> 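Take this structure first; my questions come after.
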There are 2 protein chains.
Amino acid sequence: MKHPVTFEITHVCAQSGARTGILHTPHGDVETPMFMPVGTQATVKFLSPEELYALGAGVVLANTYHLWLMPGEDIVAKAGGVQKFMNYDGPMLTDSGGFQVFSLADTRKITEEGVAFKNLRNGDRLFLSPEKSIEIQNAIGADIMMSFDECIPYPASYEYAKASMERTLRWAERGKNANQRPDEQAIFGIVQGGDYEDLRTYCAEKLVEMAFAGYAIGGTSVGEDKETMVRMVDWSQRHLPLDKPRYLMGVGAVNDLLEAVSLNIDMCDCVLPTRLARHGNAMTSEGRIGITKARYKEDFGPLDPKCDCYACRNYSRAYINHLLRAKEGFGSRLMSIHNIRFLLKLMEDVRDAIKNDRYNDFKAETLANMKFDERGF
Amino acid sequence: MKHPVTFEITHVCAQSGARTGILHTPHGDVETPMFMPVGTQATVKFLSPEELYALGAGVVLANTYHLWLMPGEDIVAKAGGVQKFMNYDGPMLTDSGGFQVFSLADTRKITEEGVAFKNLRNGDRLFLSPEKSIEIQNAIGADIMMSFDECIPYPASYEYAKASMERTLRWAERGKNANQRPDEQAIFGIVQGGDYEDLRTYCAEKLVEMAFAGYAIGGTSVGEDKETMVRMVDWSQRHLPLDKPRYLMGVGAVNDLLEAVSLNIDMCDCVLPTRLARHGNAMTSEGRIGITKARYKEDFGPLDPKCDCYACRNYSRAYINHLLRAKEGFGSRLMSIHNIRFLLKLMEDVRDAIKNDRYNDFKAETLANMKFDERGF
């Protein structure tokens, strides 16, 4: 099967086995491994498309659940798709909506057909199925769509994890058959199976038989410890074909990203940089700093002396401290620019290290030089 | 006396007597008549300096009261002044802080020395005097500083208006003598006198004797009707020297701006464009539109088809409607860009009309083509 999104490996690190590649999409090529900034509601918080280009953003993620409810996928379709709607002329990816639906744990009801739930905003009864998810994603029009899956909690019983994974496989097949724009929009399958090696193996193998354009690893970052997460990712990835892109969902902490690359992950996304930005936390080469603290009031240096972003080249910690204390939107904008650039630059450095066959050294040095809190960022 | 800010008349309209000019400042020249965007807390809401340049902003206003309380004028001074602090390499103006102090009507106490009041944020007792205002403004470092005056309410008794105006004159003299950076920062005097012609005349004449770099007309837009405002402005301006810039404070509605230009006003400022933007109101060539209304959800045209701003060139009403409903900062940013550009473009058109000796025609056409609400915008 020919997919509109293809992947090409450009180098394999002699030291680590990690790889660089190029993801080819209808909206352009992107180098991997890469971090994808999240534009939940068809906007990456506070930023213009021109700023995203300048940051080196490749793929931007948008959320199906949010755009379905507001403004509605029909309006996005009438605009000519999400890229035209938000004026971002680059590759985009939409999630399936499943993660948001399953986060609303109290009100949802799962059947073989799909998931019934209530819109918490207005009480409307809604229903999302594999076909409906792809229908919405087809209307939104991103280059990469995600299969509708169940993201189970951690820990989950073997029986529940198995039954859910098998349903996720049936949903993957249904979603694949529902794609009305297979020449413009590719679908990635999602490996589930909780913390059970045989379930992860089985799920990966069955998805590969369906021949998706790429594969995501789901069901991580749901409360498990770091070692468990690494195990889940490793069990999943080793049964995936090396010539397809692999996407680890919801990961944006520096140590997790570096670990993911070691496990042949090519794509990651996370709201972490923009969420930290909103709360006044800058991701820096020395670890995280809470820029609204009094100690930065008279600090006229940049957020991160090693950063090349617009915020660091032009504004002081003192000014950003002031803007955030004064609740000025330009402060959040500068923080978003910086944190997103921080992760995009990290991935640039990751790619350089792989190309220079020294990824293990790079990873060890980076982790040794950076201060982390207990969550790893 | 030699001022660091000077004014040059470039054309007088044969039809209306209105004039164009150039304001020369240490941070560059600006054409007049002009509208000055307000950057209260050393930032024009949501916008970067580069966006302000692209919009054609000349002078940007910052608020002394706000910067005094946060981050403190000492921090702005340590940054090298407000332009360095906020990275805006253009002319700036600070108000005196008086307007904000007098707005806190319940807690202030006025004496000959100055005004005692409470900081509503933390209950701190504060004191602002003509000398203190200029001391703070010297630390902030804008090209143009404003005299510390009392902005009296409307209506006010003749006795109160007279006593207050006489004190404002004494304060103007004291502030002028307090300027520690007369070669870098100019001071404008402010004409007060309420709705009394003889008081306005007297105040203007006495200020002119003190030879300020420019003159502002204060005590308007405080609740009086439009006719009264025009009278106050006219009584004040006709006693001011033609070769000095005149600044009408707090005016940003289209009809008021056009009227002000007829009365030889060269500079205006107002929070109106950014405040309207925050509340989802776009200023357009057809009048004001509330962009969050349902009727714009599927309107894929620009905010204003006649506008050349970044928002109108790249984004639809539908997208901005979505962003504002979703409470996304990028929506407020696009609205701010548009509304500020709308007023800056209006003033560009005003200057063209004056230079073409058809300002009266332009004014009549503009007012006839634009729909206004009862407030005149």
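The chains referred to below are lettered A, B, ... by the order of the sequence lines, with proteins before strands, and numbering in each begins at 1. Excluded from the calculations below are hydrogen atoms, water molecules and symmetry mates; all remaining heavy atoms, backbone and side chain alike, are included. Since we're looking at a predicted model, the values are computed, not measured.
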> For a quick check, list the donor-acceptor atom pairs closer than 3.5 Å between chain A and chain B, or say none.
{"unit_1": "A:Q41", "atom_1": "O", "unit_2": "B:H322", "atom_2": "NE2", "d": "2.8"}
{"unit_1": "A:Q41", "atom_1": "NE2", "unit_2": "B:A326", "atom_2": "O", "d": "3.3"}
{"unit_1": "A:Q41", "atom_1": "NE2", "unit_2": "B:E328", "atom_2": "OE2", "d": "2.9"}
{"unit_1": "A:A42", "atom_1": "O", "unit_2": "B:Y319", "atom_2": "OH", "d": "2.5"}
{"unit_1": "A:K45", "atom_1": "NZ", "unit_2": "B:E328", "atom_2": "OE1", "d": "3.2"}
{"unit_1": "A:K45", "atom_1": "NZ", "unit_2": "B:E328", "atom_2": "OE2", "d": "2.6"}
{"unit_1": "A:F46", "atom_1": "O", "unit_2": "B:R333", "atom_2": "NH1", "d": "2.7"}
{"unit_1": "A:E50", "atom_1": "OE1", "unit_2": "B:Y310", "atom_2": "OH", "d": "2.3"}
{"unit_1": "A:E50", "atom_1": "OE2", "unit_2": "B:Y310", "atom_2": "OH", "d": "3.4"}
{"unit_1": "A:E51", "atom_1": "OE1", "unit_2": "B:R333", "atom_2": "NH1", "d": "2.7"}
{"unit_1": "A:E51", "atom_1": "OE1", "unit_2": "B:R333", "atom_2": "NH2", "d": "3.2"}
{"unit_1": "A:E51", "atom_1": "OE2", "unit_2": "B:R333", "atom_2": "NH2", "d": "3.4"}
{"unit_1": "A:K78", "atom_1": "NZ", "unit_2": "B:E298", "atom_2": "OE1", "d": "2.5"}
{"unit_1": "A:N87", "atom_1": "ND2", "unit_2": "B:Y315", "atom_2": "OH", "d": "3.2"}
{"unit_1": "A:E298", "atom_1": "OE1", "unit_2": "B:K78", "atom_2": "NZ", "d": "2.5"}
{"unit_1": "A:Y310", "atom_1": "OH", "unit_2": "B:E50", "atom_2": "OE1", "d": "2.3"}
{"unit_1": "A:Y310", "atom_1": "OH", "unit_2": "B:E50", "atom_2": "OE2", "d": "3.4"}
{"unit_1": "A:Y315", "atom_1": "OH", "unit_2": "B:N87", "atom_2": "ND2", "d": "3.2"}
{"unit_1": "A:Y319", "atom_1": "OH", "unit_2": "B:A42", "atom_2": "O", "d": "2.5"}
{"unit_1": "A:H322", "atom_1": "NE2", "unit_2": "B:Q41", "atom_2": "O", "d": "2.8"}
{"unit_1": "A:A326", "atom_1": "O", "unit_2": "B:Q41", "atom_2": "NE2", "d": "3.3"}
{"unit_1": "A:E328", "atom_1": "OE1", "unit_2": "B:K45", "atom_2": "NZ", "d": "3.2"}
{"unit_1": "A:E328", "atom_1": "OE2", "unit_2": "B:Q41", "atom_2": "NE2", "d": "2.9"}
{"unit_1": "A:E328", "atom_1": "OE2", "unit_2": "B:K45", "atom_2": "NZ", "d": "2.6"}
{"unit_1": "A:R333", "atom_1": "NH1", "unit_2": "B:F46", "atom_2": "O", "d": "2.7"}
{"unit_1": "A:R333", "atom_1": "NH1", "unit_2": "B:E51", "atom_2": "OE1", "d": "2.8"}
{"unit_1": "A:R333", "atom_1": "NH2", "unit_2": "B:E51", "atom_2": "OE1", "d": "3.3"}
{"unit_1": "A:R333", "atom_1": "NH2", "unit_2": "B:E51", "atom_2": "OE2", "d": "3.4"}

> Please rank A:V76, A:L334, A:I75 by heavy-atom pairs under 4.5 Å with chain B and give me the top one.
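Of the options given, most contacts go to A:I75.
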> Among A:G329, A:A326, A:G72, A:A318, which has the most heavy-atom pairs under 4.5 Å with chain B?
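The residue among A:G329, A:A326, A:G72, A:A318 with the greatest pair count is A:A326.
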> Surrounding CZ of B:F117 (heavy atoms of other residues, nucleotides or ligands, distance under 6.0 Å), is the total greater than 12?
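Check passes, neighbour count above 12.
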> What part of A:L323 is in contact with chain B, defined as an atom under 4.5 angstrom from a non-hydrogen atom: side chain, backbone, both or neither?
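Contact with chain B is through the side chain of A:L323 alone.
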> Answer with side chain, backbone, both or neither: which region of B:F46 has an atom nearer than 4.5 Å to a non-hydrogen atom of chain A?
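It is both, since atoms from each part get that close.
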> Against chain B, work out which of A:P49, A:G80, A:G331 has the most heavy-atom pairs shorter than 4.5 Å and name it.
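Most heavy-atom pairs within the cutoff with chain B belong to A:P49.
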> A:L69 versus chain B, heavy atoms under 4.5 Å apart: side chain, backbone, both or neither?
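Neither part.
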